[in-house]
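I have placed the structure first, in the form of structure tokens, so that the comments after it can refer back to it.
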Amino acid sequence: MSTDEVEAAIEAGIEDCEATVTTPRAPDPDHEDAHFAAVVVSPAFEGKSLVQQHELVYDAVGDAMTREVHALEIKTYTPEEYEEHGE
């Protein structure tokens with residue numbers, strides 16, 4: 001799975017979402033870049049705990065989490081939080 005495919009899955013699965021997905025470390029050819037990092041911004045995170053926010057992201061990636069994605073580092077923000085604290 002490519003970073004673009006992970007981004008597309010997250011954006012399709014979470015309303016009004018903007019995702020940026022990268023590979024945070026040197027690719028491991030045995031795992032085909034299976035380690036990803038995602039920064040996800042959406043108003044859907046408003047009022048949800050960090051665990052609930054991350055569950056939304058994992059749900060959006062779906063079955064790929066058990067097959068094509070070995071690890072996914074997640075940072076979630078509401079649009080307001082991203083304005084104040086985002087990268």
Side-chain angles (χ1 to χ4, degrees):
M1 201 167 196
S2 72
T3 54
D4 289 341
E5 291 170 318
V6 177
E7 275 181 19
I10 294 169
E11 290 176 349
I14 300 174
E15 188 175 337
D16 295 325
C17 169
E18 187 172 322
T20 303
V21 177
T22 60
T23 50
R25 64 184 203 182
D28 179 348
D30 293 332
H31 295 291
E32 299 177 4
D33 302 331
H35 290 253
F36 298 96
V39 175
V40 186
V41 181
S42 174
F45 298 141
E46 188 71 44
K48 295 194 176 0
S49 72
L50 187 60
V51 169
Q52 290 170 321
Q53 293 174 20
H54 287 204
E55 285 175 343
L56 286 174
V57 176
Y58 286 126
D59 288 347
V61 177
D63 288 340
M65 277 305 305
T66 59
R67 296 186 189 131
E68 300 168 74
V69 176
H70 178 74
L72 180 61
E73 298 172 27
I74 303 171
K75 291 184 181 180
T76 52
Y77 301 95
T78 64
E80 294 79 17
E81 290 170 337
Y82 191 74
E83 279 272 328
E84 188 174 338
H85 304 289
E87 300 174 329

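Just so you know, residue 1 is the first one in the sequence shown, and it goes up from there.
Here the CD atom belonging to Glu83 is positioned 10.0 Å from the OG1 atom belonging to Thr78, to the nearest 0.5 angstrom.
Residue Pro79 comes nearest to Pro43 through the heavy atom pair CD-N, 3.6 Å, listed as atom of the first residue, atom of the second, then distance.
For Ser49, the side-chain contact (heavy atoms from CB on, under 4.5 Å) criterion is met by Val51, Gln52, not counting sequence neighbours.
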Legend entry - side chain to side chain contact (heavy atoms under 4.5 Å, CB included) between Phe36 and Thr22, worked out: CA-CA 6 Å; Phe36 298 96; Thr22 60; over 6 Å; no
Please output the side-chain donor-acceptor pairs of residues 5-16 that fall under 3.5 Å, not counting sequence neighbours, one pair per line with the distance.
unit_1	atom_1	unit_2	atom_2	d
Glu5	OE1	Ser2	N	2.7
Glu5	OE1	Ser2	OG	3.4
Glu7	OE2	Val21	N	2.9
Glu11	OE2	Ala19	N	2.9

Throw together a table of side-chain donor-acceptor distances under 3.5 angstrom for residues 53-65, partners on residues two or more places apart or in other chains.
unit_1	atom_1	unit_2	atom_2	d
Gln53	OE1	Thr76	OG1	2.5
Gln53	NE2	Phe45	O	3.4
Gln53	NE2	Lys48	O	3.0

